[in-house]
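Down below is the structure, laid out as structure tokens.
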Amino acid sequence: MQRNTPNANLRPGRFLDMAIGRPKLELVETARDRITIVADFPHLSPALLFDYWTSIDLLKKWWPPAAELQPEVGGTYHFSWPKQDWHLRGKFTMFDRGKTLGFTWKWDHESIDVTRVTLHFNSIPNGGTKLTLLHEGYSKNSEAKKTRDEHIEGWTFFLRKLQEQGQEP
């Protein structure tokens, strides 16, 4: 199936940033049960980049138009896109500001099981951050593969938006 997004059909290990001068965004692994993406955020410290994932005001600048969250281990989140009637829900499983963030992931409109997302925030020499995103727990059936491929497309789009948003205040 051909996708309408420019980077949806790239093989693992390929850079997802084709324009010169853009921060690196690379799909490094796509096993049937997981996704790994590495993205550079040269203008954001690990702590501030973490806040872009856990502060409602910063989160809404690049991802969901509506968000509710309890930013702590065991806390829940609910992100929604009212125009599409989409709802993403989960629970925080790891919460170490500027280091690691983990959460469960379940769309109301998807029939696949709950998956898990882990984010690792690593400092890079210029004061920025290298983010490693691991999304795992997909079944190995064809429906889960289709959903995983859609998640690659979504992560690529929204991580690029975050790279464009993310500037130190």
Side-chain angles (χ1 to χ4, degrees), residues 3-8 16-17 22-23 25 27 30 34-121 128-139 143-169:
R3 298 216 183 268
N4 210 8
T5 57
N7 298 320
L16 300 175
D17 53 343
R22 290 173 75 172
L25 180 65
L27 178 63
T30 58
R34 68 187 164 277
I35 299 164
T36 305
I37 297 175
V38 176
D40 287 344
F41 294 85
H43 304 292
L44 294 175
S45 67
L48 185 56
L49 181 57
F50 187 94
D51 292 346
Y52 267 88
W53 290 86
T54 59
S55 161
I56 289 175
D57 291 339
L58 294 174
L59 191 63
K60 289 179 4 181
K61 288 183 176 188
W62 69 276
W63 199 8
E68 301 168 22
L69 56 95
Q70 300 164 318
E72 61 191 11
V73 170
T76 60
Y77 71 88
H78 172 208
F79 301 156
S80 60
W81 289 258
K83 289 180 183 176
Q84 294 90 352
D85 194 28
W86 290 353
H87 299 271
L88 177 64
R89 303 172 199 271
K91 183 180 287 191
F92 291 106
T93 58
M94 293 180 251
F95 202 94
D96 189 359
R97 186 170 185 254
K99 295 182 181 169
T100 308
L101 181 65
F103 48 94
T104 60
W105 172 283
K106 178 71 173 111
W107 286 103
D108 287 359
H109 64 272
E110 288 179 351
S111 62
I112 68 163
D113 293 333
V114 172
T115 55
R116 298 171 309 282
V117 177
T118 305
L119 306 171
H120 296 282
F121 302 81
T129 305
K130 178 179 293 297
L131 177 74
T132 303
L133 179 146
L134 174 62
H135 193 155
E136 60 188 333
Y138 296 98
S139 300
E143 181 183 359
K145 181 190 180 308
K146 177 182 178 288
T147 300
R148 191 213 58 207
D149 291 348
E150 290 168 353
H151 289 173
I152 291 169
E153 187 177 335
W155 282 126
T156 301
F157 177 81
F158 284 107
L159 287 172
R160 180 61 70 203
K161 266 185 87 171
L162 179 56
Q163 285 178 322
E164 292 165 359
Q165 269 296 314
Q167 301 293 323
E168 293 279 359

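We count residues from 1, following the sequence as given.
For the pair Gln163 and Asp40, the tightest heavy-atom approach, listed with the atom from each and the gap, is NE2-O, 2.8 Å.
Rounding to the nearest 0.5 Å gives a distance of 13.5 Å between OG1 of Thr115 and CZ of Arg34. Rounding to the nearest 0.5 Å gives a distance of 12.0 Å between CZ of Arg148 and OG of Ser139. To the nearest 0.5 Å, atom CG of residue Asp149 and atom CD1 of residue Ile35 are 8.0 Å apart. Taking CD1 of Ile37 as the reference point, atom OG1 of Thr156 lies at 4.5 Å (rounded to 0.5 Å). With rounding to the nearest 0.5 Å, the separation of OG1 in Thr100 from CE in Met94 is 7.0 Å. With values rounded to the nearest 0.5 angstrom, Asp51 atom CG is found 13.0 Å from Ile56 atom CD1.
Considering only heavy atoms from C-beta on, Leu159 comes within 4.5 Å of Leu131 through its side chain. Looking at Phe41 and Leu48, their side chains never come closer than 4.5 Å, going by heavy atoms from C-beta outward. Looking at heavy atoms from C-beta onward, Pro23 lies in side-chain contact with Arg160 at the 4.5 angstrom threshold.
Under the rule for a side chain to side chain contact (heavy atoms under 4.5 Å, CB included), the partners of Thr93 that lie at least two apart in sequence or sit in another chain are Thr104. Looking at residues two or more places apart in sequence or on another chain, you find a side chain to side chain donor-acceptor pair (under 3.5 Å) between Asp108 and Arg89. Considering only residues two or more places apart in sequence or on other chains, Phe50 meets the ring-ring contact (aromatic ring centres under 6.0 Å, His included) condition with Phe95, Phe121. For Tyr138, the side chain to side chain donor-acceptor pair (under 3.5 Å) criterion is met by His135, His151, not counting sequence neighbours.
In this structure, the side chain of Thr129 engages the main chain of Leu44 through a donor-acceptor pair within 3.5 Å. The closest donor-acceptor contact from the side chain of Lys106 to the backbone of Ile112 lies under 3.5 Å.
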List the atom pairs, with distances to 0.1 Å, where a side-chain N or O of residues 61-73 and a protein N or O form a donor-acceptor pair under 3.5 Å, not counting sequence neighbours.
unit_1, atom_1, unit_2, atom_2, d
Trp62, NE1, Tyr52, O, 2.8
Gln70, OE1, Thr76, N, 3.0
Gln70, OE1, Thr76, OG1, 2.9

Run the side-chain donor-acceptor check on residues 80-87: report pairs under 3.5 Å with partners two or more places apart or on a different chain.
unit_1, atom_1, unit_2, atom_2, d
Asp85, OD1, His87, NE2, 3.2
His87, ND1, His78, NE2, 2.8

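Here the options are Trp155, Tyr77, Phe79, the test is ring pair (Phe, Tyr, Trp, His ring centres under 6.0 Å), and the partner is Trp105; only Trp155 passes.
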